[in-house]
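In what follows, every chain begins at residue 1, and chains take the letters A, B, ... in the order their sequences are listed. Fair warning: this is a prediction, and the values are worked out from it, not measured in the lab.
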Number of protein chains: 2
Amino acid sequence: MQDKLFEFISKYISLTEEEKNTLLSLDLFHSVKKGDVLLKEGQKTLNSFFVLKGCIRVYYNINGEEKTTAFYTEMEGLTPHCAINKNQSEYYISCIEDSILVVSNDNMSIEVNKKFPKFDIMCRKLSEELLAKKQIDFDEFKTSSPEQRYLNLLQKRPDLIQRVPQHQLASYLGIKPQSLSRLRARILEKK
Amino acid sequence: MQDKLFEFISKYISLTEEEKNTLLSLDLFHSVKKGDVLLKEGQKTLNSFFVLKGCIRVYYNINGEEKTTAFYTEMEGLTPHCAINKNQSEYYISCIEDSILVVSNDNMSIEVNKKFPKFDIMCRKLSEELLAKKQIDFDEFKTSSPEQRYLNLLQKRPDLIQRVPQHQLASYLGIKPQSLSRLRARILEKK
DNA sequence: ATCATTTCTTAACTTAAGTGAACGAGCTAT
DNA sequence: ATAGCTCGTTCACTTAAGTTAAGAAATGAT
């Protein structure tokens, strides 16, 4: 499982054995169970989460209703907003499948970056890439209807539709569960 | 105007005079006129754009229709997706006011980063921060109705509503110009 | 100053999403 | 096994956005 992490990192920088060992000494790997909550609204954390296996989701509690806004699956990760601006978190992060995560905290990465400055380069490339990608995703969302978004998701991340409950998918698509149900029925009719 | 750039940079790293001079020697500052197109669909560029004064917008041409997805005003900037993944651009970038921009290109920043590695640190902090902010913006967009989005924009970026044409604002809000018109009339009624 | 174009608004109509309620299927815990 | 939940779907109704068209207002070009 560690190899998957190194494989991912190698897309951005190359690591010596020494550097790999430094990383392995940091107790990065964590198993979490379906339903485990990694971060709650109002909490603070300096942790970042990277998914090696499984799926985590981000959701808000808005007037007692859960609104899911993001899923992270294999080889995807997030640094919560609150870890960057040192606020309390506005959202929850929880685990929707038994998962294996790399959990790294900010102090840790400051240490690592001191020892191996090229980690900064990786983090920079990675976050620039993710930023550009997020912008494209946002653009696609803005410029399409709920039905187009669903069809788009079906193309791009068919796994999500399988592994994620409908009502969570619905808010991810910016609509209510009933509307998603109806929209799917409508698509089936058309075929 | 250069001071505004240094002031911005100083939020992330501190610069020596030598470093400032190196930056100034790079011919970074450009004046552009309202309507000037900085990037077209299908083009490639390695340039990044940072707005010192004025406003630029990102828009797509989808079935002959312009869909505006982003605005960048004072002290905001973007690195186009195509500059990161070396593709042809999917979108246009143009100037909606006479503006003063910092235009930096990728080769240039590689040079600068070699000389002054702390620029990498700045870029990293900056893009991590922007990524987290973009995610929050996206979340807000997903979890609110067009009307809420408009009211939200009115709070957070009242300047945009003044300086940007309605039909561009509309697609920025994910709706048609007619719907924006109607929605604004509805809000006025309620008051 | 005038003409042409673009932009914004309004209106009538269509389509789709939101809302509230009901029902059955599947899970969970006891 | 069953009682209690959650989840997904369906329905009827409401509300708002999309569409098409028309006209007024603002802008730009000659």
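The pair B:Asp137-A:Lys134 fails the salt-bridge criterion, with no side-chain N (NZ, NE, NH1 or NH2) lying under 4.0 Å from an Asp/Glu carboxylate O. Between A:Glu65 and A:Lys176 there is a salt bridge, with a side-chain nitrogen of the basic residue lying less than 4.0 Å from a carboxylate oxygen of the acidic one.
Straight-line distance from the CD atom of B:Gln148 to the C1' atom of D:dT15: 14 Å, rounded to whole Å. One interatomic measurement links the two molecules: CG of A:Leu183 to C1' of C:dA17, which rounds to 10 Å at whole-angstrom precision. What separates CG of A:Asn63 from C1' of C:dT19 is a distance of 15 Å, to the nearest Å. Atom pair A:Glu189:CD and D:dT9:P shows a separation of 14 Å (rounding to whole Å applied). The CD atom of A:Gln168 sits 14 Å away from the P atom of D:dT6 (whole-angstrom rounding). The CD1-P distance, from A:Ile187 to C:dA16, rounds to 11 Å in whole Å. C:dT9 atom C1' lies 10 Å from atom CZ of B:Arg184, rounded to whole Å. Taking atom CD of A:Glu65 as the reference point, atom C1' of C:dG18 lies 11 Å away to the nearest angstrom.
For DNA chain C, the neighbouring residues in residues 155-167 of chain B, judged by any heavy atom under 4.0 Å, are B:Pro165, B:Gln166, B:His167.
Residue pairs meeting the side chain to side chain donor-acceptor pair (under 3.5 Å) criterion with at least one partner in residues 23-45 of chain A, sequence neighbours excluded, do not occur; the list is empty.
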Summarise how protein sits on nucleotides 18-30 of chain D as a single string, 5' to 3': B when a protein heavy atom is under 4.0 Å from the base, S for sugar-phosphate-only contact, - for no contact. BBB-------S--
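Remark: the B:Tyr60 side chain and the A:Asp139 side chain contain an N/O donor-acceptor pair separated by less than 3.5 Å. In this model, a donor atom of one side chain and an acceptor atom of the other lie less than 3.5 Å apart for A:Arg157 and A:Thr73.
For the side chain to side chain donor-acceptor pair (under 3.5 Å) criterion with A:Glu140, the lone passing option out of A:Lys156, A:Arg149, A:Gln148, A:Gln135 is A:Lys156. Tested against B:His81, the residues B:Thr79, B:Ile84, B:Asn85 include a single side-chain contact (heavy atoms from CB on, under 4.5 Å) partner, B:Asn85.
In terms of phosphate contacts, A:Arg186 brings a side-chain nitrogen or oxygen within less than 4.0 Å of OP1 or OP2 of C:dA17.
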Would you mind writing out the side-chain donor-acceptor pairs for residues 52-59 of chain B within the sub-3.5 Å range, not counting sequence neighbours?
from: B:Arg57; atom 1: NE; to: B:Thr68; atom 2: OG1; distance (Å): 3.2
from: B:Arg57; atom 1: NE; to: B:Gln168; atom 2: OE1; distance (Å): 3.4
from: B:Arg57; atom 1: NH2; to: B:Glu66; atom 2: OE1; distance (Å): 2.4
from: B:Arg57; atom 1: NH2; to: B:Thr68; atom 2: OG1; distance (Å): 3.3

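Direction of the helix axis in the helix from C:dA1-D:dT30 to C:dT30-D:dA1 shifts by 60° between the two five-pair termini, rounded to 10°.
The cationic group of B:Lys142 lies under 6.0 Å from the six-membered ring centre of B:Phe138 and within 45° of the ring axis, placing it in a cation-pi geometry.
The local environment of NZ in B:Lys4 is crowded, with over 12 non-hydrogen atoms from other residues, nucleotides or ligands closer than 6.0 Å.
Checked against ring-ring contact (aromatic ring centres under 6.0 Å, His included), A:Phe116 has no partners two or more places apart in sequence or in another chain.
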